[in-house]
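Structure record follows, encoded as structure tokens.
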Amino acid sequence: MFKVLITGFEPFGEDSLNPSQALINAQQQLQLTGVEVIGCVLPVVRYQAAETAIKAIEIHQPDLVLMFGQASGRAAITPERVAINLDDYRIADNAGHQPIDEPIIPHGPAAYFTTLPVKAMVEDLQQAGIAAEVSHSAGTFVCNHLFYAVQHYLAQHDIPSGFIHIPVLPEQVTATNPSLPSLGLEPLIAAVRVMIQTCYHSKQDRQIVGGSVC
């Protein structure tokens with residue numbers, strides 16, 4: 001049985017929902033033949049998010065780790081390519097922490113790359129009719145902190161892992177921001193199923209265009 005750990009976050013900021021938590025709540029719909037999907041909801045709290053995820057990895061010993069987080073304003077599913085060793089929070093996390101220009105791991109590497117086949121994931125999503133593109137910045141908030149810390153931990157383990165940002169749910173679009181891009185839960189579930197299948201079948205990424213001009 002191929003075991004997949006997926007993580008999502010609780011709501012944060014002014015939102016009462018988080019699409020990544022909705023994914024965890026719908027994890028039974030993510031099950032595929034020969035695949036066991038395990039969900040884990042993380043606090044939007046510096047250090048605690050990564051500690052919770054790493055503990056789940058140690059307990060479940062997955063073959064694949066997919067971490068998800070909300071990216072308000074993005075219209076596509078965006079697998080992240082790079083995590084940087086920097087906490088610089090525009091807003092406070094859910095415990096009130098707001099570090100500025102601090103390393104996630106002192107004296108750690110400047111960055112870690114994903115070990116997911118992100119270009120293959122994006123190509124397969126696009127072929128399935130789902131908007132997707134490679135992202136080269138996971139920001140400097142808790143999402144990036146989690147991404148970096150988990151990649152640092154898994155650098156000593158042969159487990160593919162990475163972070164994927166997803167749009168908000170339609171329920172999060174408000175009258176004050178009616179043009180906010182969103183994605184429904186059903187297509188989001190379909191997208192995650194595609195990405196799991198891609199990671200299961202693609203041990204190496206595809207040599208296709210996925211960069212940006214600026």
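The chain is numbered in sequence order, starting from 1. In this text, all values refer to a predicted model and were calculated from it rather than measured experimentally. All heavy atoms count here, side chains included; hydrogens, waters and symmetry mates do not.
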Distance-minimising heavy-atom pair for [X] and [Y]:
X	Y	answer
Ala138	Asn144	O-CB, 3.6 Å
Phe9	Ala49	CE2-CB, 3.8 Å
Cys143	Gly69	SG-CA, 4.2 Å
Val194	Ala128	CG2-CB, 4.3 Å
Val134	Gly210	CB-O, 3.6 Å
Pro117	Cys199	CD-SG, 3.9 Å

Angle class for the His165/Phe163 ring planes (parallel below 30°, perpendicular above 60°, tilted otherwise)?
perpendicular

Does [Y] offer a backbone N or O that forms a donor-acceptor pair with the side chain of [X] under 3.5 Å?
X	Y	answer
Gln98	Arg90	yes
Asn85	Ile104	yes
Asp205	Val118	yes
Ser202	Gln204	no
Glu10	Gln21	no
Glu36	Gln31	no
Lys3	Val35	no
Thr115	Ser161	yes
Asp15	Leu17	no
Thr198	Met121	no

Determine, using the 4.5 Å side-chain heavy-atom cutoff (strictly less than), whether [X] and [Y] are members of one ILVMFWY cluster.
X	Y	answer
Ile38	Phe68	no
Tyr148	Val44	no
Val168	Val142	no
Val45	Tyr153	no
Tyr112	Ile54	no

Working for side chain to side chain contact (heavy atoms under 4.5 Å, CB included), residues Ile57 and Val150:
CA-CA 9 Å; Ile57 292 169; Val150 170; 4.0 Å; yes

Would you say the side chain of [Y] lies within less than 4.5 Å of the side chain of [X], judging by non-hydrogen atoms?
X	Y	answer
Leu185	Pro19	no
Pro109	His152	yes
Leu23	Leu188	yes
Cys40	Ile6	no
Val82	Phe147	no
Leu30	Ile189	yes
Ser72	Leu180	yes
Val173	Asn177	no

Hey, is Glu133 close enough to Arg81 for a salt bridge, meaning N to O under 4.0 Å?
no

Applying side chain to side chain contact (heavy atoms under 4.5 Å, CB included) to Gln70 and Phe12, what does each step give before you reach the verdict?
CA-CA 10 Å; Gln70 170 182 306; Phe12 67 95; 4.2 Å; yes

Check salt bridge (Lys or Arg N to Asp or Glu O under 4.0 Å) between Asp87 and all other residues, then give those that pass, not counting sequence neighbours.
Arg46

Does a sphere of radius 6.0 Å around [atom1] in [X] hold more than 12 heavy atoms from other residues, nucleotides or ligands, not counting ones at 6.0 Å or beyond?
X	atom1	answer
Gln127	CD	yes
Glu58	CD	yes
Tyr200	OH	no

Can you confirm if the aromatic rings of Tyr89 and His97 lie within a centre distance of less than 6.0 Å?
no

Hey, could you give me the [atom1]/[atom2] distance between [X] and [Y], rounded to the nearest 0.5 Å?
X	Y	atom1	atom2	answer
Ile130	Leu183	CD1	CG	7.5 Å
Thr7	Leu42	OG1	CG	4.5 Å
Leu86	Asp88	CG	CG	5.5 Å
Ile164	Thr78	CD1	OG1	9.0 Å
Asn18	Asn25	CG	CG	10.5 Å

Residue pair Arg206, Asp124: steps toward the side chain to side chain contact (heavy atoms under 4.5 Å, CB included) verdict:
CA-CA 11 Å; Arg206 298 172 195 160; Asp124 289 350; 2.8 Å; yes

Option from Leu64, Ile77, Leu116 for which side chain to side chain contact (heavy atoms under 4.5 Å, CB included) with Met195 holds
Ile77

Is the closest side-chain donor-acceptor distance between Glu80 and Ser135 under 3.5 Å?
yes

Dump the intermediate steps for ring-ring contact (aromatic ring centres under 6.0 Å, His included) on Phe141 and His145, then the final yes or no.
CA-CA 6 Å; Phe141 192 51; His145 183 114; 9.9 Å; no

